[in-house]
Asks: 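So that we are looking at the same thing, I have put the structure below in structure tokens.
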Amino acid sequence: MSSGKQQLWLRCETKEFEHRAALTPTTAKTLMDNGFDIVVERDPQRIFNDKEYEDVGCKLVDHNSWPTAPITTPIIGLKELPPNDDSPLPHTHIMFAHCYKQQGGWVDVLKRWDQGQPSGMLYDLEFLQDERGRRVAAFGYHAGFAGAAVGALALAEQVESDKARLGEIKPYPNEKALVDYVKQQLVKVETKLGRKPKALVIGALGRCGRGAVDFFLAAGLNNDDIYKWDMAETAKGGPFDEILEVDIFVNCIYLTSKIPSFVSPESIAAAAEKRNLRVVVDVSCDTTNPNNPIPIYSINTTFDKPTVDVDGVAVGPPITVVSIDHLPTLLPRESSEAFSTDLLPSLLTLPGAIQERSTRLGKSIQPSEAGTGGNRVWREAEALFWTKLEESRRA
């Protein structure tokens, strides 16, 4: 590492079909202009090619070589680390680890950082928050936008034939290309149904929900045929018959505790032949969360197999669920630029946070010690790590 510079290591993404990046060439250059030393792993599946990073001055290193990085170098990425690896994690990782809400395997995930003490640290991107408790960076808008698109494509297949299912989906170069293609498919849906399709979005006031609503409008749905629900509409508690009356249901809530189910096998059976619902898009994707409010499926779907059938549907058309946990990679360049730009102000304060934490390696801090100032977002994430690590030790 160059003297006086904070090194930051962008690792490759090993999750299949993941094309996004936590740092883009644009944000990497801004960091370097502000005294950072940026190392980038070669990655053939990343939407930004290696040369784009090299051209702005990043140092390129071998694919998936981050375990050899100096322990003092933070490693930044997006999705989970490669599976079937229980080796200790002594580095500081900035990523979405999906282990703070007791998801499947969460104890084993955190155990790797526990074994990497005293230097191991997880700054989970999902929980980097400003003073108002709002995430400093999120893929929510593009997740909702892409989720609505995949739901529309799945509907187009299923109205053509009860036996037809959406096949492999691949990234689009930009929003316009995606909207134009789906709009063509929805014309066919309208012809088959004799009306425009209807959609219901729960969580419509959040970033994710706004993305879903914006996509449906761009794709040609009537505003009156897009039912925009949020906390006021769900306060009465589900299951909700209104979900069964639309063609596509998109769930965009941020789940923090157990709530009544939005839709259930029993509510589906009760609707019988009156049901219109054919596609559920669970953008929130709390598949393995014991509090999942959509208990009609149990697996995550993927870009090569985007839908899973709901079992036990005896009357009416089949229902499928889209439960892809990295939907924004359908628009990898635009979603990466938006996310990385939002994360940038916090990354600029990272050197101070790293320096401060170096004086207390292996020692926990409490949320009340997060304080204020530029390092607060990192101290708060550090305190949360220790809280969750202790929970995993007791589990």
Asks: Hydrophobic clustering (ILVMFWY, side-chain heavy atoms < 4.5 Å, transitive) - are L343 and V56 grouped together?
Replies: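 Yes, because V56 and L343 connect within a single hydrophobic cluster, where side-chain heavy atoms sit under 4.5 Å apart.
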Asks: With rounding to the nearest 0.5 angstrom, report the CG to CG distance, D43 to N49.
Replies: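 Atom-to-atom, D43:CG and N49:CG are 11.0 Å apart.
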Asks: Are E390 and R393 ion-paired here, with the side-chain N under 4.0 Å from a carboxylate O?
Replies: yes
Asks: One pair to check against side chain to side chain contact (heavy atoms under 4.5 Å, CB included): K111 and S392. What are the steps and the verdict?
Replies: CA-CA 8 Å; K111 186 178 181 180; S392 73; over 6 Å; no
Asks: Classify the side-chain pair T92/R357 by whether it contains a donor and acceptor separated by less than 3.5 Å.
Replies: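 The criterion, which ignores hydrogens and geometry beyond distance, is satisfied for R357 and T92.
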Asks: Working to the nearest 0.5 Å, report the span between CD1 of I75 and CG of L81.
Replies: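 Taking CD1 in I75 and CG in L81, the distance rounds to 10.0 Å.
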Asks: Are side-chain N/O atoms of D108 and W106 paired as donor and acceptor at under 3.5 Å?
Replies: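 Judged by distance alone, the side chains do not pair up.
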Asks: Do V280 and V150 belong together in a cluster built from hydrophobic side chains that touch within less than 4.5 Å?
Replies: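 No; tracing contacts between hydrophobic side chains, which count when under 4.5 Å, never links both residues.
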Asks: Under 30°, 30 to 60°, or over 60°: which ring-plane class applies to Y172 and Y181, parallel, tilted or perpendicular?
Replies: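 Rings of Y172 and Y181: tilted, as their planes differ by 30° to 60°.
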Asks: Quick one: is the NZ or CZ of R20 closer than 6.0 Å to the six-membered ring centre of F139, and within 45° of its axis?
Replies: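 Yes, a cation-pi geometry.
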Asks: Examine the side chains of T27 and T30 and answer whether a donor and an acceptor come within less than 3.5 Å of each other.
Replies: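 No, T30 and T27 have no side-chain donor paired with an acceptor closer than 3.5 Å.
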Asks: Would you say V377 and F127 are hydrophobically clustered, going by side-chain heavy atoms of ILVMFWY under 4.5 Å?
Replies: yes
Asks: Determine the interplanar angle of the H93 and H91 rings, folded into 0 to 90°, and report it as parallel if under 30°, tilted if 30 to 60°, perpendicular if over 60°.
Replies: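 Rings of H93 and H91: perpendicular, as their planes differ by over 60°.
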Asks: Between OG1 of T26 and CD of E337, what distance do you get to the nearest 0.5 Å?
Replies: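 Those atoms lie 4.0 Å apart.
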Asks: Once you measure the plane-to-plane angle for F240 and W229, does it fall in the parallel (<30°), tilted (30-60°) or perpendicular (>60°) bin?
Replies: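 Perpendicular.
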Asks: Would V201 end up clustered with V263 when hydrophobic side chains under 4.5 Å apart are linked, directly or stepwise?
Replies: no
Asks: Is there any ring pair (Phe, Tyr, Trp, His ring centres under 6.0 Å) pair reaching into residues 356-384, and which pairs are they, with sequence neighbours excluded?
Replies: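 For residues 356-384: Y123-W378.
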Asks: Test side-chain hydrogen bond (donor to acceptor under 3.5 Å, both in side chains) on E334 and Y141; report intermediate values, then the result.
Replies: CA-CA 11 Å; E334 287 168 309; Y141 181 86; over 6 Å; no
Asks: Can we say E391 and K388 salt-bridge, meaning some charged N sits less than 4.0 Å from an Asp/Glu carboxylate O?
Replies: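 Answer for the salt bridge query: yes.
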Asks: For a quick check under 3.5 Å, do D286 and N292 share a side-chain donor-acceptor pair by atom type?
Replies: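 There is no such pair (donor and acceptor under 3.5 Å, judged by atom type) between the side chains of D286 and N292.
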Asks: Out of curiosity, does I248 fall in the hydrophobic cluster containing I296 (side-chain heavy atoms, cut-off under 4.5 Å, transitive links)?
Replies: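 Different hydrophobic clusters.
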Asks: Distance check, rounded to the nearest 0.5 Å: I294 atom CD1 versus S323 atom OG?
Replies: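 OG of S323 is found 9.5 Å from CD1 of I294.
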Asks: Among K163, R278, R165, whose salt bridge (charged side-chain N to carboxylate O under 4.0 Å, His left out) with D309 holds?
Replies: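 Checked K163, R278, R165 against D309; only one passes salt bridge (charged side-chain N to carboxylate O under 4.0 Å, His left out): R165.
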Asks: Quick one: do the H326 and E18 side chains pair a donor with an acceptor below 3.5 Å?
Replies: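 The answer is yes; a qualifying pair exists.
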Asks: For R112 and D85, what are the C-alpha separation, side-chain angles and deciding distance, and is it a side chain to side chain contact (heavy atoms under 4.5 Å, CB included)?
Replies: CA-CA 9 Å; R112 297 184 65 187; D85 184 352; 3.4 Å; yes
Asks: Can you confirm whether D311 is buried at CG, in the sense that more than 12 heavy atoms of other residues, nucleotides or ligands lie under 6.0 Å from that atom?
Replies: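 Counting other residues, nucleotides and ligands, CG of D311 stays at 12 neighbours or fewer.
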Asks: Quick one: side chains of residues 364-372, donor-acceptor pairs under 3.5 Å with protein atoms, not counting sequence neighbours, listed by atom name and distance.
Replies:
from	atom 1	to	atom 2	distance (Å)
E369	OE2	Q366	N	2.8

Asks: Do the charged groups of D180 and K176 touch, with an N to O distance under 4.0 Å?
Replies: yes
Asks: Working to the nearest 0.5 Å, report the span between CG of D325 and CD of E80.
Replies: 6.0 Å
Asks: Of R195, K196, Q158, which meets side-chain hydrogen bond (donor to acceptor under 3.5 Å, both in side chains) against D247?
Replies: R195
